[in-house]
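Have a look at the structure below, then the notes.
Hydrogens, waters and symmetry mates play no part in the numbers below; they use all other heavy atoms, side chains included. Along the sequence shown, the residues carry numbers beginning at 1. Nothing here was measured: the structure is a model prediction, and the numbers come from that model.
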Amino acid sequence: MNSTYLVVMAGGIGSRFWPFSRTHHPKQFHDVLGVGRSMLQLTVDRFAGVCPRENVFVVTNRDYTQLVQEHLPDLPADQILGEPIGRNTAPCIAYASYRIAQRDPQATIIVTPADHAVLREDEFRRLIRKAVEAARAHDVLITLGIQPSRPDTGYGYIQYMDEQSLPGGELHKVKTFTEKPNLELARMFVESGDFLWNSGLFVWRADVIINAFHQYLSDIAEVFDEGAAQLGTPQEEEFIGEAYSRCRNISIDYGVMEKADNVYVLPADFGWSDVGTWDSLHRIGQHDDNGNMVSGDVLLYDTTGCVIKTPEDRLVVVQGLEDYIVAEYDNVLLICKRSEEQRVKEFVADVKAKKGAGYN
(Lines give C-alpha, C1' and ligand atoms only; values in the text may rest on other atoms or scores of the structure.)
Protein backbone atom coordinates (compact mmCIF):
# COMPACT_ATOMS: atom_id res chain seq x y z
CA MET A 1 0.00 0.00 0.00
CA ASN A 2 2.91 2.38 0.63
CA SER A 3 3.60 2.51 -3.12
CA THR A 4 -0.05 3.21 -4.02
CA TYR A 5 -0.79 6.85 -4.81
CA LEU A 6 -4.02 8.70 -5.44
CA VAL A 7 -4.37 11.64 -7.82
CA VAL A 8 -7.63 13.58 -7.47
CA MET A 9 -8.41 15.87 -10.41
CA ALA A 10 -10.25 18.82 -8.85
CA GLY A 11 -9.70 21.76 -11.16
CA GLY A 12 -12.88 21.86 -13.26
CA ILE A 13 -15.64 24.46 -13.07
CA GLY A 14 -18.57 22.06 -13.64
CA SER A 15 -20.54 24.52 -15.76
CA ARG A 16 -23.30 21.99 -16.53
CA PHE A 17 -24.20 22.23 -12.83
CA TRP A 18 -24.72 26.00 -12.95
CA PRO A 19 -25.79 28.05 -11.04
CA PHE A 20 -24.77 25.82 -8.13
CA SER A 21 -21.29 25.28 -9.58
CA ARG A 22 -19.58 28.61 -10.27
CA THR A 23 -16.13 29.78 -11.28
CA HIS A 24 -15.38 31.03 -7.75
CA HIS A 25 -16.84 27.93 -6.04
CA PRO A 26 -17.11 24.83 -8.28
CA LYS A 27 -19.26 21.82 -7.45
CA GLN A 28 -16.39 19.70 -6.04
CA PHE A 29 -16.37 22.06 -3.04
CA HIS A 30 -20.15 21.74 -2.45
CA ASP A 31 -22.15 19.23 -0.41
CA VAL A 32 -24.03 18.20 -3.57
CA LEU A 33 -25.54 15.04 -2.09
CA GLY A 34 -26.69 16.64 1.16
CA VAL A 35 -24.61 14.33 3.38
CA GLY A 36 -22.49 16.93 5.16
CA ARG A 37 -19.35 16.33 3.04
CA SER A 38 -18.24 18.02 -0.16
CA MET A 39 -17.65 16.01 -3.34
CA LEU A 40 -13.89 16.44 -2.84
CA GLN A 41 -14.05 15.19 0.75
CA LEU A 42 -16.19 12.20 -0.23
CA THR A 43 -13.73 11.34 -3.00
CA VAL A 44 -10.74 11.24 -0.66
CA ASP A 45 -12.77 9.42 2.03
CA ARG A 46 -13.59 6.70 -0.51
CA PHE A 47 -9.95 5.63 -0.79
CA ALA A 48 -9.36 5.13 2.94
CA GLY A 49 -7.62 1.78 3.34
CA VAL A 50 -6.59 1.72 -0.32
CA CYS A 51 -4.03 4.51 -0.28
CA PRO A 52 -2.29 6.12 2.71
CA ARG A 53 -3.10 9.79 3.30
CA GLU A 54 0.51 10.82 2.75
CA ASN A 55 0.22 9.49 -0.82
CA VAL A 56 -2.84 11.56 -1.77
CA PHE A 57 -2.30 14.35 -4.30
CA VAL A 58 -4.93 16.84 -5.45
CA VAL A 59 -4.44 18.65 -8.75
CA THR A 60 -6.47 21.83 -8.99
CA ASN A 61 -6.42 25.33 -10.40
CA ARG A 62 -4.15 27.63 -8.42
CA ASP A 63 -7.22 29.75 -7.66
CA TYR A 64 -8.68 26.81 -5.71
CA THR A 65 -5.68 25.71 -3.63
CA GLN A 66 -7.02 27.58 -0.57
CA LEU A 67 -10.40 25.87 -1.00
CA VAL A 68 -8.68 22.47 -1.16
CA GLN A 69 -6.81 23.26 2.07
CA GLU A 70 -10.08 24.26 3.77
CA HIS A 71 -11.80 21.03 2.71
CA LEU A 72 -8.79 18.77 3.38
CA PRO A 73 -7.02 20.51 6.30
CA ASP A 74 -4.84 17.48 7.06
CA LEU A 75 -3.42 17.35 3.51
CA PRO A 76 0.08 18.89 3.40
CA ALA A 77 0.38 21.91 1.11
CA ASP A 78 3.00 20.21 -1.06
CA GLN A 79 0.45 17.51 -1.96
CA ILE A 80 -1.81 20.14 -3.56
CA LEU A 81 -0.60 20.70 -7.11
CA GLY A 82 -1.77 24.03 -8.51
CA GLU A 83 -2.26 24.40 -12.26
CA PRO A 84 -1.77 27.94 -13.61
CA ILE A 85 -4.38 27.36 -16.33
CA GLY A 86 -6.72 24.53 -17.28
CA ARG A 87 -5.25 22.34 -20.01
CA ASN A 88 -7.59 19.32 -19.77
CA THR A 89 -6.66 15.97 -18.25
CA ALA A 90 -3.47 15.01 -20.12
CA PRO A 91 -1.21 17.79 -18.75
CA CYS A 92 -2.86 17.40 -15.34
CA ILE A 93 -2.03 13.69 -15.25
CA ALA A 94 1.47 14.28 -16.63
CA TYR A 95 2.19 16.82 -13.88
CA ALA A 96 1.02 14.48 -11.10
CA SER A 97 2.69 11.39 -12.58
CA TYR A 98 6.09 13.03 -13.01
CA ARG A 99 5.85 14.53 -9.52
CA ILE A 100 5.01 11.15 -7.96
CA ALA A 101 7.68 9.33 -10.01
CA GLN A 102 10.30 11.74 -8.64
CA ARG A 103 9.33 10.64 -5.13
CA ASP A 104 8.71 6.94 -5.82
CA PRO A 105 9.76 5.40 -9.17
CA GLN A 106 7.88 2.19 -8.23
CA ALA A 107 4.59 4.01 -7.65
CA THR A 108 1.23 2.68 -8.76
CA ILE A 109 -1.15 5.59 -9.38
CA ILE A 110 -4.93 5.77 -9.16
CA VAL A 111 -6.47 8.75 -10.96
CA THR A 112 -9.99 9.91 -10.13
CA PRO A 113 -12.15 12.95 -10.81
CA ALA A 114 -13.37 14.79 -7.71
CA ASP A 115 -17.05 14.87 -8.62
CA HIS A 116 -18.20 11.24 -8.75
CA ALA A 117 -20.72 9.53 -6.51
CA VAL A 118 -20.31 5.89 -5.45
CA LEU A 119 -23.14 4.14 -3.64
CA ARG A 120 -21.43 0.78 -2.90
CA GLU A 121 -18.06 1.75 -1.52
CA ASP A 122 -16.94 -1.71 -0.37
CA GLU A 123 -17.33 -3.05 -3.90
CA PHE A 124 -15.61 0.05 -5.24
CA ARG A 125 -12.57 -0.52 -3.02
CA ARG A 126 -12.46 -4.22 -3.92
CA LEU A 127 -12.28 -3.39 -7.63
CA ILE A 128 -9.75 -0.61 -7.15
CA ARG A 129 -7.49 -3.00 -5.23
CA LYS A 130 -7.82 -5.57 -8.03
CA ALA A 131 -6.87 -2.93 -10.60
CA VAL A 132 -3.88 -1.84 -8.50
CA GLU A 133 -2.64 -5.45 -8.25
CA ALA A 134 -2.94 -5.87 -12.02
CA ALA A 135 -1.16 -2.58 -12.73
CA ARG A 136 1.71 -3.56 -10.43
CA ALA A 137 2.13 -6.90 -12.19
CA HIS A 138 1.68 -5.83 -15.83
CA ASP A 139 2.75 -2.98 -18.11
CA VAL A 140 -0.82 -1.88 -18.76
CA LEU A 141 -3.06 1.17 -18.60
CA ILE A 142 -6.28 0.30 -16.77
CA THR A 143 -9.61 2.09 -16.83
CA LEU A 144 -12.73 1.16 -14.90
CA GLY A 145 -15.76 0.70 -17.15
CA ILE A 146 -19.27 1.06 -15.77
CA GLN A 147 -22.02 -1.35 -16.78
CA PRO A 148 -24.47 0.92 -18.64
CA SER A 149 -28.01 1.08 -17.31
CA ARG A 150 -29.45 3.10 -20.21
CA PRO A 151 -28.39 4.53 -23.61
CA ASP A 152 -26.91 7.76 -22.29
CA THR A 153 -25.34 10.24 -24.73
CA GLY A 154 -23.43 12.05 -21.98
CA TYR A 155 -20.73 9.38 -21.54
CA GLY A 156 -17.96 7.92 -23.63
CA TYR A 157 -18.19 4.19 -24.38
CA ILE A 158 -15.56 1.45 -24.21
CA GLN A 159 -15.77 -1.71 -26.30
CA TYR A 160 -13.77 -4.63 -24.96
CA MET A 161 -12.74 -8.10 -26.07
CA ASP A 162 -13.85 -11.02 -23.90
CA GLU A 163 -11.31 -13.33 -25.48
CA GLN A 164 -8.31 -11.17 -24.51
CA SER A 165 -7.94 -10.66 -20.78
CA LEU A 166 -5.26 -10.54 -18.11
CA PRO A 167 -4.75 -13.57 -15.83
CA GLY A 168 -7.80 -13.90 -13.62
CA GLY A 169 -10.14 -13.03 -16.47
CA GLU A 170 -11.69 -9.84 -15.07
CA LEU A 171 -9.63 -7.27 -16.97
CA HIS A 172 -10.30 -7.23 -20.71
CA LYS A 173 -8.31 -5.69 -23.52
CA VAL A 174 -9.97 -2.55 -24.89
CA LYS A 175 -10.97 -2.63 -28.54
CA THR A 176 -12.37 0.89 -29.09
CA PHE A 177 -13.21 4.14 -27.33
CA THR A 178 -16.15 6.17 -28.62
CA GLU A 179 -16.71 9.70 -27.39
CA LYS A 180 -20.31 10.69 -26.49
CA PRO A 181 -22.35 9.03 -29.28
CA ASN A 182 -25.77 10.04 -30.57
CA LEU A 183 -28.82 8.34 -29.06
CA GLU A 184 -29.21 5.74 -31.81
CA LEU A 185 -25.59 4.66 -31.52
CA ALA A 186 -25.80 4.62 -27.71
CA ARG A 187 -28.80 2.29 -27.95
CA MET A 188 -26.86 -0.05 -30.23
CA PHE A 189 -23.92 -0.06 -27.80
CA VAL A 190 -26.06 -0.90 -24.78
CA GLU A 191 -28.03 -3.61 -26.62
CA SER A 192 -24.83 -5.28 -27.87
CA GLY A 193 -23.70 -5.98 -24.31
CA ASP A 194 -19.98 -5.48 -25.00
CA PHE A 195 -19.74 -1.76 -24.27
CA LEU A 196 -19.14 0.00 -20.95
CA TRP A 197 -19.34 3.63 -19.90
CA ASN A 198 -15.96 5.35 -19.59
CA SER A 199 -15.79 6.33 -15.91
CA GLY A 200 -12.64 8.47 -16.10
CA LEU A 201 -11.08 6.33 -13.34
CA PHE A 202 -7.59 5.10 -14.22
CA VAL A 203 -4.93 2.89 -12.62
CA TRP A 204 -1.34 2.44 -13.83
CA ARG A 205 2.27 2.40 -12.73
CA ALA A 206 4.11 5.71 -12.93
CA ASP A 207 6.70 4.35 -15.37
CA VAL A 208 4.02 2.91 -17.67
CA ILE A 209 2.02 6.14 -18.00
CA ILE A 210 5.19 8.20 -18.46
CA ASN A 211 6.29 5.80 -21.23
CA ALA A 212 2.86 6.28 -22.80
CA PHE A 213 3.33 10.04 -22.77
CA HIS A 214 6.66 9.60 -24.54
CA GLN A 215 5.03 7.42 -27.16
CA TYR A 216 1.74 9.25 -27.79
CA LEU A 217 2.13 12.77 -26.40
CA SER A 218 5.84 13.29 -26.86
CA ASP A 219 5.49 17.09 -26.88
CA ILE A 220 4.08 17.05 -23.33
CA ALA A 221 6.62 14.42 -22.20
CA GLU A 222 9.44 16.61 -23.52
CA VAL A 223 8.23 19.58 -21.45
CA PHE A 224 8.11 17.56 -18.22
CA ASP A 225 11.36 15.70 -18.94
CA GLU A 226 13.16 19.04 -19.10
CA GLY A 227 11.87 20.19 -15.73
CA ALA A 228 11.47 16.92 -13.83
CA ALA A 229 14.38 17.73 -11.52
CA GLN A 230 12.61 20.92 -10.39
CA LEU A 231 9.51 19.06 -9.20
CA GLY A 232 9.31 18.92 -5.41
CA THR A 233 11.70 21.89 -5.09
CA PRO A 234 11.14 25.65 -4.61
CA GLN A 235 11.48 26.02 -8.39
CA GLU A 236 8.43 23.85 -9.11
CA GLU A 237 5.84 26.62 -9.28
CA GLU A 238 7.86 28.68 -11.76
CA PHE A 239 8.56 25.60 -13.89
CA ILE A 240 4.89 24.55 -13.96
CA GLY A 241 3.85 28.05 -15.02
CA GLU A 242 6.21 27.82 -17.99
CA ALA A 243 5.40 24.18 -18.70
CA TYR A 244 1.65 24.74 -18.95
CA SER A 245 2.17 27.59 -21.41
CA ARG A 246 3.80 24.99 -23.70
CA CYS A 247 1.26 22.18 -23.18
CA ARG A 248 -1.69 21.83 -25.51
CA ASN A 249 -5.23 21.38 -24.29
CA ILE A 250 -5.92 17.66 -24.69
CA SER A 251 -7.61 14.90 -22.73
CA ILE A 252 -5.86 11.73 -21.59
CA ASP A 253 -8.57 9.73 -23.40
CA TYR A 254 -7.91 11.32 -26.77
CA GLY A 255 -4.16 11.76 -26.30
CA VAL A 256 -3.23 8.34 -24.88
CA MET A 257 -6.04 5.88 -24.13
CA GLU A 258 -7.56 5.85 -27.63
CA LYS A 259 -4.14 5.24 -29.21
CA ALA A 260 -2.34 2.88 -26.83
CA ASP A 261 -2.36 -0.89 -27.43
CA ASN A 262 -1.93 -1.88 -23.77
CA VAL A 263 -5.24 -0.53 -22.42
CA TYR A 264 -7.42 -2.86 -20.33
CA VAL A 265 -10.82 -2.27 -18.76
CA LEU A 266 -12.20 -3.66 -15.52
CA PRO A 267 -16.01 -3.91 -15.76
CA ALA A 268 -17.53 -2.39 -12.64
CA ASP A 269 -20.91 -1.97 -11.01
CA PHE A 270 -20.74 -0.08 -7.73
CA GLY A 271 -23.56 2.45 -7.99
CA TRP A 272 -21.60 5.05 -9.94
CA SER A 273 -22.61 8.47 -11.19
CA ASP A 274 -20.43 11.30 -12.37
CA VAL A 275 -22.87 13.90 -10.92
CA GLY A 276 -22.09 16.03 -13.94
CA THR A 277 -25.59 17.35 -14.52
CA TRP A 278 -28.81 18.14 -12.72
CA ASP A 279 -30.43 15.08 -14.25
CA SER A 280 -27.69 12.82 -12.87
CA LEU A 281 -28.35 14.28 -9.43
CA HIS A 282 -32.05 13.43 -9.83
CA ARG A 283 -31.16 9.83 -10.70
CA ILE A 284 -29.07 9.20 -7.59
CA GLY A 285 -30.83 11.46 -5.08
CA GLN A 286 -33.52 10.57 -2.57
CA HIS A 287 -37.01 11.14 -4.01
CA ASP A 288 -40.30 12.05 -2.39
CA ASP A 289 -43.50 10.16 -3.24
CA ASN A 290 -43.89 12.21 -6.43
CA GLY A 291 -40.37 11.59 -7.76
CA ASN A 292 -38.99 14.98 -6.72
CA MET A 293 -35.43 15.34 -5.43
CA VAL A 294 -35.58 18.22 -2.99
CA SER A 295 -32.88 20.06 -1.04
CA GLY A 296 -33.92 23.22 0.75
CA ASP A 297 -36.88 24.72 2.60
CA VAL A 298 -39.52 23.83 0.01
CA LEU A 299 -43.30 23.35 -0.18
CA LEU A 300 -44.57 21.49 -3.24
CA TYR A 301 -48.03 21.32 -4.79
CA ASP A 302 -49.00 19.26 -7.84
CA THR A 303 -45.29 18.89 -8.68
CA THR A 304 -43.61 15.72 -9.98
CA GLY A 305 -40.23 14.56 -11.24
CA CYS A 306 -38.38 17.77 -10.38
CA VAL A 307 -34.91 18.58 -9.03
CA ILE A 308 -35.19 21.43 -6.56
CA LYS A 309 -32.05 22.69 -4.80
CA THR A 310 -32.39 26.03 -3.06
CA PRO A 311 -30.85 27.78 -0.01
CA GLU A 312 -31.99 26.57 3.39
CA ASP A 313 -32.66 30.17 4.51
CA ARG A 314 -35.21 30.85 1.74
CA LEU A 315 -38.72 29.38 1.66
CA VAL A 316 -39.59 28.21 -1.85
CA VAL A 317 -43.14 27.30 -2.92
CA VAL A 318 -43.60 25.42 -6.20
CA GLN A 319 -46.90 24.52 -7.85
CA GLY A 320 -47.71 22.69 -11.06
CA LEU A 321 -44.25 21.79 -12.37
CA GLU A 322 -43.40 18.46 -13.99
CA ASP A 323 -39.82 17.35 -14.74
CA TYR A 324 -38.18 20.71 -14.09
CA ILE A 325 -34.94 21.92 -12.53
CA VAL A 326 -35.34 24.68 -9.95
CA ALA A 327 -31.92 25.69 -8.64
CA GLU A 328 -30.83 28.79 -6.77
CA TYR A 329 -27.40 29.71 -5.53
CA ASP A 330 -25.59 33.00 -4.89
CA ASN A 331 -27.77 35.55 -6.72
CA VAL A 332 -28.88 33.27 -9.58
CA LEU A 333 -32.14 31.31 -9.97
CA LEU A 334 -32.44 28.72 -12.75
CA ILE A 335 -35.78 27.24 -13.85
CA CYS A 336 -35.35 24.83 -16.72
CA LYS A 337 -36.94 21.66 -18.13
CA ARG A 338 -34.93 18.59 -17.17
CA SER A 339 -35.11 17.45 -20.80
CA GLU A 340 -33.41 20.72 -21.86
CA GLU A 341 -30.58 20.67 -19.33
CA GLN A 342 -27.97 20.36 -22.09
CA ARG A 343 -28.73 24.04 -22.75
CA VAL A 344 -27.29 25.09 -19.40
CA LYS A 345 -23.87 25.75 -20.97
CA GLU A 346 -25.65 27.96 -23.53
CA PHE A 347 -27.35 29.86 -20.70
CA VAL A 348 -24.01 30.37 -18.94
CA ALA A 349 -22.43 31.74 -22.13
CA ASP A 350 -25.35 34.13 -22.68
CA VAL A 351 -25.27 35.30 -19.07
CA LYS A 352 -21.54 36.00 -19.29
CA ALA A 353 -22.00 37.95 -22.55
CA LYS A 354 -25.06 39.93 -21.48
CA LYS A 355 -24.71 40.28 -17.70
CA GLY A 356 -20.97 40.10 -17.08
CA ALA A 357 -18.68 37.59 -15.39
CA GLY A 358 -20.18 37.91 -11.91
CA TYR A 359 -22.83 35.29 -12.61
CA ASN A 360 -20.75 32.47 -14.10
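- Remark: Lys309 pairs with no residue by the salt bridge (Lys or Arg N to Asp or Glu O under 4.0 Å) rule, at least two apart or across chains.
- Using a 4.5 Å cut-off on side-chain heavy atoms (C-beta onward), Arg205 and Val140 make no contact.
- Counting only heavy atoms from C-beta outward, the side chains of Val8 and Val59 never approach each other to under 4.5 Å.
- Annotation: cation-pi geometry satisfied between Lys259 and Tyr254 (NZ/CZ under 6.0 angstrom from ring centroid, within 45° of ring axis).
- No side-chain N or O of Arg187 forms a donor-acceptor pair with one of Asn182 less than 3.5 Å apart.
- Partners of Asp219 according to the salt bridge (Lys or Arg N to Asp or Glu O under 4.0 Å) rule, which considers only residues two or more places apart in sequence or in another chain, are Arg248.
- Contact check on Glu341 versus Arg16 returns no salt bridge, with no Lys/Arg side-chain nitrogen under 4.0 Å from an Asp/Glu carboxylate oxygen.
- Side-chain contact between Val318 and Leu299 is absent, with no heavy atoms from C-beta onward closer than 4.5 Å.
- Taking Glu226 as the reference, Glu222, Arg246 meet the side-chain contact (heavy atoms from CB on, under 4.5 Å) condition, with sequence neighbours excluded.
- Shortest non-hydrogen contact noted between Tyr157 and Ala186 is OH-CB, 3.8 Å.
- A salt bridge links Arg283 with Asp152: at least one charged nitrogen is closer than 4.0 Å to a carboxylate oxygen.
- Tyr329 forms part of a hydrophobic cluster together with Phe17, Trp18, Phe20, Val32, Leu33, Val35, Met39, Leu42, Val275, Trp278, Leu281, Ile284, Met293, Val307, Ile325, Val332, Leu334, Val344, Phe347, Val348, Val351, Tyr359, judged by ILVMFWY side-chain heavy-atom separations under 4.5 Å.
- Counting non-hydrogen atoms of neighbouring residues, nucleotides and ligands closer than 6.0 angstrom, the CD atom of Glu237 reaches no more than 12 such neighbours.
- Taking 4.5 Å as the limit, some side-chain heavy atom of Ile250 sits within range of a side-chain heavy atom of Leu217.
- By the 6.0 Å contact criterion, CD on Glu346 is enclosed, its count of non-hydrogen atoms from other residues, nucleotides or ligands being greater than 12.
- Ring to ring, Phe124 and Phe47 are close: their centroids are under 6.0 angstrom apart.
- Residues passing the side chain to side chain donor-acceptor pair (under 3.5 Å) test with His71, sequence neighbours excluded: Ser38.
- Applying the salt bridge (Lys or Arg N to Asp or Glu O under 4.0 Å) rule to Arg125 yields the partners Glu121, Asp122; only residues at least two apart in sequence or on another chain are considered.
- Applying the salt bridge (Lys or Arg N to Asp or Glu O under 4.0 Å) test to residues at least two apart or on different chains, none of the pairs has a partner in residues 296-307.
- Side-chain contact between Lys175 and Met161 is present, with heavy atoms from C-beta onward closer than 4.5 Å.
- Residues passing the side chain to side chain donor-acceptor pair (under 3.5 Å) test with Tyr244, sequence neighbours excluded: Glu83.
- Checking side-chain atoms of Ser280 against main-chain N and O of Thr277 turns up a donor-acceptor pair under 3.5 Å.
- The side chain to side chain donor-acceptor pair (under 3.5 Å) analysis of residues 86-100, with sequence neighbours excluded, yields the pairs Asn88-Asn249, Tyr95-Glu236, Tyr98-Asp225, Arg99-Glu236.
- Applying the salt bridge (Lys or Arg N to Asp or Glu O under 4.0 Å) test to every pair with at least one member in residues 321-331, sequence neighbours left out, gives these pairs: Arg314-Glu328, Asp323-Arg338.
- Qualifying salt bridge (Lys or Arg N to Asp or Glu O under 4.0 Å) partners for Arg103, counting only residues two or more places apart in sequence or in other chains: none.
- The pair Lys130-Glu133 does not meet the salt-bridge criterion, since no charged nitrogen lies less than 4.0 angstrom from a carboxylate oxygen.
- In this structure, Gln159 contributes its side chain and Thr176 its backbone to no donor-acceptor pair below 3.5 Å.
- With 3.5 Å as the limit, one finds no donor-acceptor pair spanning the side chains of Tyr155 and Asn198.
- Considering only residues two or more places apart in sequence or on other chains, Asp31 meets the side chain to side chain donor-acceptor pair (under 3.5 Å) condition with none of them.
- Residues Tyr5 and Thr108 fail the side-chain proximity criterion, which asks for heavy atoms closer than 4.5 Å.
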